[in-house]
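This is a predicted model, so every value here is computed, not measured. Only heavy atoms go into these numbers, but all of them, side chains included; no hydrogens, no water, no symmetry mates.
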Amino acid sequence: MFKQIAVSLALCALASFATVAAGLSDKVLVNLRVEGTTKTHFEGFVWTSGHNVTTKIGGNHHCDGTNNDTFPHPGPTATTALADSNLMFDGEFFPKPKFDDFLISNIEGESNKNNRSWGILLNFQDLEVGGCQQQVRTCDKVLFAFDKFNKKHILELTGPALWVVDANKSLVLTVRDGRTGLPVQGANVNGQLSDADGKVSVTFAEKGVKGVKAEKDDSIRSNKLEFLVV
Ligand SMILES: *[C@@H]1O[C@H](CO)[C@@H](O)[C@H](O)[C@H]1NC(C)=O
Ligand SMILES: *[C@@H]1O[C@H](CO)[C@@H](O)[C@H](O)[C@H]1NC(C)=O
Ligand SMILES: *[C@@H]1O[C@H](CO)[C@@H](O)[C@H](O)[C@H]1NC(C)=O
Ligand SMILES: *[C@@H]1O[C@H](CO)[C@@H](O)[C@H](O)[C@H]1NC(C)=O
């Protein structure tokens with residue numbers, strides 16, 4: 001039986017091996033997720049390397065971790081992952097000594113407005129620096145989340161490591177705040193709400209590949225779990 005965790009770990013390990021074997025060692029494979037107000041704009045793996053990034057309002061600038069002298073050597077960053085995803089995005093560049101980085105102001109048509117703006121997380125932790133100052137490694141989880149600064153939780157959905165499940169059989173998933181690891185109550189997963197322990201029981205009536213995410217008004221939507229319902 002397939003296991004969710006085993007699948008993604010195997011993919012990352014294979015990717016690391018393949019990049020070294022192919023002599024592409026400047027590239028890494030990261031899990032990129034872009035959560036907008038009403039939808040997920042992107043969730044998947046992206047190959048990325050350190051390079052210049054060009055935006056309409058910001059122009060062409062380095063984006064390889066050497067920004068603001070954060071890392072001594074160039075490498076892939078959170079913002080190059082976004083740039084290498086082919087999503088549409090924009091942002092102003094604030095040169096040294098101010099920031100030496102882009103401030104992402106729009107992704108796929110969703111713009112920073114009033115006090116709602118795009119925030120970046122790496123492996124569910126808030127970035128302390130700009131996206132071009134944060135280098136990333138293979139298997140890292142890079143999250144661009146709209147209105148992050150006004151949200152209480154960054155939802156993370158985990159399951160029982162099964163990939164194949166029986167139709168109409170209940171499956172218990174867990175919703176946590178990825179930042180703290182604490183359970184989140186009242187998140188909606190496939191029409192069911194999580195309890196005080198973050199547990200939610202879901203069933204799939206139809207066969208096929210089903211993806212589920214956790215959503216809550218005061219929180220950033222979770223990662224997707226996929227199941228093959230048989
Ligand atoms: C990359 O951006 C820097 C400014 O940050 C600029 O000096 C350099 O010429 C750019 N390189 C390329 C290849 O465009
Ligand atoms: C840039 O680097 C300097 C020196 O390490 C630091 O004091 C400053 O806070 C950094 N600026 C930003 C905007 O990250
Ligand atoms: C942002 O604006 C919303 C209303 O649009 C308000 O409820 C919230 O308190 C504001 N947050 C901050 C940090 O100012
Ligand atoms: C699951 O249960 C529903 C309702 O009893 C039924 O209509 C459906 O056919 C079942 N699904 C499968 C794959 O057996």
Side-chain angles (χ1 to χ4, degrees), residues 2-9 30-45 78 82 85 87 104 107-110 112-127 139-229:
F2 286 108
K3 302 200 175 206
Q4 298 260 5
I5 295 162
V7 169
S8 54
L9 281 182
V30 299
N31 185 277
L32 175 72
R33 194 149 60 84
V34 180
E35 297 293 354
T37 307
T38 58
K39 64 180 265 201
T40 301
H41 294 291
F42 189 91
E43 180 164 6
F45 285 94
L82 177 66
S85 72
L87 291 173
I104 303 299
I107 303 178
E108 289 289 300
E110 284 198 65
N112 293 358
K113 213 182 282 168
N114 304 328
N115 66 20
R116 306 176 76 222
S117 57
W118 286 98
I120 316 175
L121 296 103
L122 177 64
N123 299 321
F124 284 102
Q125 301 305 314
D126 297 297
L127 284 200
C139 303
D140 273 346
K141 297 183 175 97
V142 178
L143 170 59
F144 285 80
F146 190 64
D147 203 21
K148 181 199 87 162
F149 304 97
N150 292 308
K151 299 292 187 187
K152 206 163 156 192
H153 305 292
I154 311 294
L155 300 183
E156 181 175 23
L157 184 62
T158 56
L162 294 173
W163 196 62
V164 180
V165 301
D166 291 322
N168 285 331
K169 204 174 154 195
S170 70
L171 185 69
V172 178
L173 307 179
T174 306
V175 185
R176 290 193 184 85
D177 183 317
R179 269 198 292 228
T180 61
L182 295 173
V184 175
Q185 184 171 14
N188 188 324
V189 183
N190 208 36
Q192 305 296 316
L193 297 183
S194 57
D195 67 14
D197 296 322
K199 303 283 182 207
V200 55
S201 181
V202 297
T203 56
F204 304 102
E206 285 166 32
K207 294 182 184 180
V209 176
K210 305 288 169 199
V212 286
K213 292 173 80 108
E215 303 202 32
K216 195 169 185 277
D217 279 350
D218 65 356
S219 305
I220 298 295
R221 189 179 304 109
S222 80
N223 56 294
K224 180 166 75 176
L225 289 186
E226 278 190 327
F227 298 99
L228 177 63
V229 183

Asker: Could you pull out the closest heavy-atom pair between L32 and S85, with the gap in Å?
Answerer: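 The pair with the smallest heavy-atom distance is CD2-CB, 3.5 Å.
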Asker: Using the test side-chain contact (heavy atoms from CB on, under 4.5 Å), find all partners of L127 that sit at least two apart in sequence or belong to another chain.
Answerer: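 With neighbours one apart ignored, the set is A78, I120, L122, Q134.
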Asker: With no hydrogens and no angle check, is any side-chain donor or acceptor of W118 less than 3.5 Å from a backbone partner on G36?
Answerer: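 Checked: no pair found.
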Asker: Please tell me if the side chains of V184 and L182 come closer than 4.5 Å, counting only heavy atoms from C-beta onward.
Answerer: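 In short, these two side chains do not touch, never coming nearer than 4.5 Å.
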Asker: Drop me the distance from Q125's CD to I154's CD1, to the nearest 0.5 angstrom.
Answerer: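 CD1 of I154 is found 9.5 Å from CD of Q125.
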Asker: What pairs with T203 under side chain to side chain donor-acceptor pair (under 3.5 Å), at least two apart in sequence or on another chain?
Answerer: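 For T203 there are no side chain to side chain donor-acceptor pair (under 3.5 Å) partners, ignoring immediate neighbours.
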Asker: Is the backbone of G198 close enough, under 3.5 Å, to the side chain of Q185 for a donor and an acceptor to pair up by distance?
Answerer: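 Not at all, since once roles are kept as given, no pair shorter than 3.5 Å links the two residues.
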Asker: On a heavy-atom basis, which atom in A145 and which in L121 lie closest, and how many Å separate them?
Answerer: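 The answer is CB-CD1, 4.4 Å.
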Asker: Working to the nearest 0.5 angstrom, can you tell me the gap between K207 NZ and N168 CG?
Answerer: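 Separation between the atoms: 10.0 Å.
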Asker: Going by ring pair (Phe, Tyr, Trp, His ring centres under 6.0 Å), name the residues that satisfy it together with F144, two or more places apart in sequence or in a different chain.
Answerer: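 Per chain and number, F144 pairs via ring pair (Phe, Tyr, Trp, His ring centres under 6.0 Å) with no residue.
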Asker: Can you sort out the partners of D147 under salt bridge (Lys or Arg N to Asp or Glu O under 4.0 Å), two or more places apart, ordered by chain and number?
Answerer: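 For D147 the salt bridge (Lys or Arg N to Asp or Glu O under 4.0 Å) partners, ignoring immediate neighbours, are R116.
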Asker: Write down the atom of N150, the atom of N115, and the distance for their closest heavy-atom approach.
Answerer: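 Closest heavy-atom pair between N150 and N115: ND2-OD1, 3.0 Å.
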Asker: Considering residues at least two apart in sequence or located in another chain, which fulfil the side-chain contact (heavy atoms from CB on, under 4.5 Å) criterion with N188?
Answerer: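 L193.
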Asker: Not counting sequence neighbours, which residues clear side-chain contact (heavy atoms from CB on, under 4.5 Å) with T38? List them please.
Answerer: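 For T38, no residue satisfies side-chain contact (heavy atoms from CB on, under 4.5 Å) once neighbours in sequence are set aside.
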Asker: Grab the two heavy atoms, one from V202 and one from V189, that are nearest each other, plus how far apart they are.
Answerer: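 That would be CG1-O, 3.5 Å.
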Asker: For K213, check side-chain contact (heavy atoms from CB on, under 4.5 Å) against everything at least two apart and list the hits.
Answerer: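 Partners of K213 by the side-chain contact (heavy atoms from CB on, under 4.5 Å) criterion, ordered by chain and then number, come out as R33, E35, T40, E43, R221, S222, K224.
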Asker: Answer yes or no: is there a side-chain heavy-atom contact under 4.5 Å between E108 and K39?
Answerer: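 Contact flag for E108/K39 side chains = no.
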Asker: Kindly give the heavy-atom pair with the smallest separation between V172 and P160, and that separation in Å.
Answerer: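 It is O-CD, 3.9 Å.
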Asker: Go through the structure and list residues passing side chain to side chain donor-acceptor pair (under 3.5 Å) with S219, not counting sequence neighbours.
Answerer: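 Applying side chain to side chain donor-acceptor pair (under 3.5 Å) to S219 gives none.
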Asker: Does any non-hydrogen side-chain atom of D195 lie less than 4.5 Å from one of V200?
Answerer: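 Not in contact.
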Asker: Does one side chain, of N31 or D140, offer a donor that lies under 3.5 Å from an acceptor on the other?
Answerer: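 No, no side-chain donor-acceptor pair sits under 3.5 Å.
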Asker: Is there a side-chain contact between I220 and F146, using heavy atoms and a 4.5 Å cut-off?
Answerer: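 In short, these two side chains do not touch, never coming nearer than 4.5 Å.
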Asker: Can you name the nearest heavy-atom pair linking F124 to L155, along with the distance?
Answerer: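 Closest approach of F124 to L155: CE2-O, 3.6 Å.
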Asker: Using the test side chain to side chain donor-acceptor pair (under 3.5 Å), find all partners of K199 that sit at least two apart in sequence or belong to another chain.
Answerer: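 For K199, the residues satisfying side chain to side chain donor-acceptor pair (under 3.5 Å) (neighbours in sequence not counted) are T174.
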Asker: Between S194 and A187 (side chain of the first, backbone of the second, donor and acceptor by atom type, cut-off under 3.5 Å), is there such a pair?
Answerer: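 It does hold such a pair.
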Asker: Any heavy-atom pair between the side chains of V165 and F204 that's under 4.5 Å?
Answerer: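 Heavy-atom side-chain distance check passes, below 4.5 Å.
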Asker: For residues 149-168, which residue pairs qualify under salt bridge (Lys or Arg N to Asp or Glu O under 4.0 Å), counting only residues two or more places apart or in two chains?
Answerer: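 Every candidate salt bridge (Lys or Arg N to Asp or Glu O under 4.0 Å) pair involving residues 149-168 fails, so no pair, neighbours aside, qualifies.
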Asker: Once salt bridge (Lys or Arg N to Asp or Glu O under 4.0 Å) is applied, do any residues pair with K141, and if so which ones, sequence neighbours excluded?
Answerer: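 If we apply the salt bridge (Lys or Arg N to Asp or Glu O under 4.0 Å) test to K141, skipping adjacent residues, there are no hits.
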Asker: Roughly how far apart are L157 CG and E215 CD, rounded to 0.5 Å?
Answerer: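 So the gap between those two atoms works out to 11.0 Å.
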Asker: Run the side chain to side chain donor-acceptor pair (under 3.5 Å) test against K148 and tell me which residues pass, sequence neighbours left out.
Answerer: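 Testing K148 for side chain to side chain donor-acceptor pair (under 3.5 Å), a comparison that skips the adjacent residues, returns D126.
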Asker: Sub-3.5 Å donor-acceptor pair from the side chain of W163 to the main-chain atoms of E226, do we have one?
Answerer: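 The answer is yes, because a donor-acceptor pair under 3.5 Å joins these two groups.
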